[in-house]
Amino acid sequence: MVAIELPHEYGYVLTTFAASAFYLFTLGAQTGKYRRAAGVPYPYAYADKAEAENDPKKNLFNCAQRVHQNTLEMYPIYSTFLLIGGIKYPVYASVAGAVFLVGRFFFSSGYLTGNPSKRMRGVFSYVALLGLLGMSVSTLYTMLSH
């Protein structure tokens with residue numbers, strides 16, 4: 001049996017995790033704001049493509065919805081790597097998690113220009129995610145080799 005002893009610095013990891021949950025909440029609220037402005041009723045996830053091409057508000061709603069959806073798609077991977085990697089590397093994992101969140105902010109702000117190609121401004125978030133992957137692999141290897 002492996003006993004997991006969390007270092008005192010694991011609080012940084014949990015703080016980063018809480019900040020990321022707050023960020024998800026703000027993306028949801030942002031998407032709702034764009035939905036209301038575009039007049040897209042529930043249950044429709046997106047505005048019709050043809051309408052969005054002719055209506056900047058509908059285009060921005062689609063962009064906001066995609067930012068939120070993509071972040072939700074990434075969140076389980078990010079949070080798993082953050083929480084596992086933080087067991088052995090709490091400070092580094094927290095820094096990588098924060099860099100990931102900053103990258104997602106740039107991804108979001110680029111996307112919300114209405115030109116989705118500008119989302120690439122946040123591509124560096126994937127470097128942080130790879131760092132979290134490496135820390136997770138190292139942590140799991142250490143746990144399994146004892």
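If you read the sequence from its start, that first residue is 1, and numbering goes on from there.
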Without swapping roles, check the side chain of [X] against the backbone of [Y] for a donor-acceptor pair under 3.5 Å.
{"X": "Ser94", "Y": "Pro90", "answer": "no"}
{"X": "Ser125", "Y": "Gly103", "answer": "no"}
{"X": "Ser138", "Y": "Gly134", "answer": "no"}
{"X": "Asn115", "Y": "Tyr111", "answer": "no"}
{"X": "Ser108", "Y": "Arg104", "answer": "no"}

Does anything in residues 63-79 form a salt bridge (charged side-chain N to carboxylate O under 4.0 Å, His left out)? List the pairs, not counting sequence neighbours.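 Checked against salt bridge (charged side-chain N to carboxylate O under 4.0 Å, His left out) - neighbours excluded - the pairs reaching residues 63-79 are Arg66-Glu73.
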Ignoring hydrogens, what is the shortest heavy-atom contact between [X] and [Y]? Give both atom names and the distance.
{"X": "Ser136", "Y": "Thr80", "answer": "OG-O, 4.5 Å"}
{"X": "Ser79", "Y": "Pro76", "answer": "OG-O, 3.4 Å"}
{"X": "Leu129", "Y": "Tyr78", "answer": "CD1-CA, 3.8 Å"}
{"X": "Pro116", "Y": "Cys63", "answer": "CG-SG, 4.2 Å"}
{"X": "Val40", "Y": "Ala47", "answer": "CG2-CB, 3.8 Å"}

Phe105 atom CZ: more than 12 heavy-atom contacts under 6.0 Å: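 It does not: Phe105 CZ has 12 such atoms or fewer within range.
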Under 4.5 Å between any side-chain heavy atoms of [X] and [Y], yes or no?
{"X": "Phe106", "Y": "Val123", "result": "no"}
{"X": "Gln30", "Y": "Leu112", "result": "yes"}
{"X": "Val13", "Y": "Thr16", "result": "no"}
{"X": "Glu53", "Y": "Asn59", "result": "no"}
{"X": "Tyr34", "Y": "Lys58", "result": "no"}

Plane angle bin for Tyr92 and Tyr89 - parallel if under 30°, tilted between 30 and 60°, otherwise perpendicular: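 Tilted, since the angle between the ring planes falls between 30° and 60°.
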Report yes or no: is the cationic atom of Arg35 (NZ for Lys, CZ for Arg) closer than 6.0 Å to the six-membered ring centre of Tyr42, at no more than 45° off its axis?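 Here Arg35 passes the 6.0 Å and 45° test against Tyr42.
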Calculate, to the nearest 0.5 Å, the distance between atoms CG and CD belonging to Leu60 and Gln65 respectively. 13.0 Å
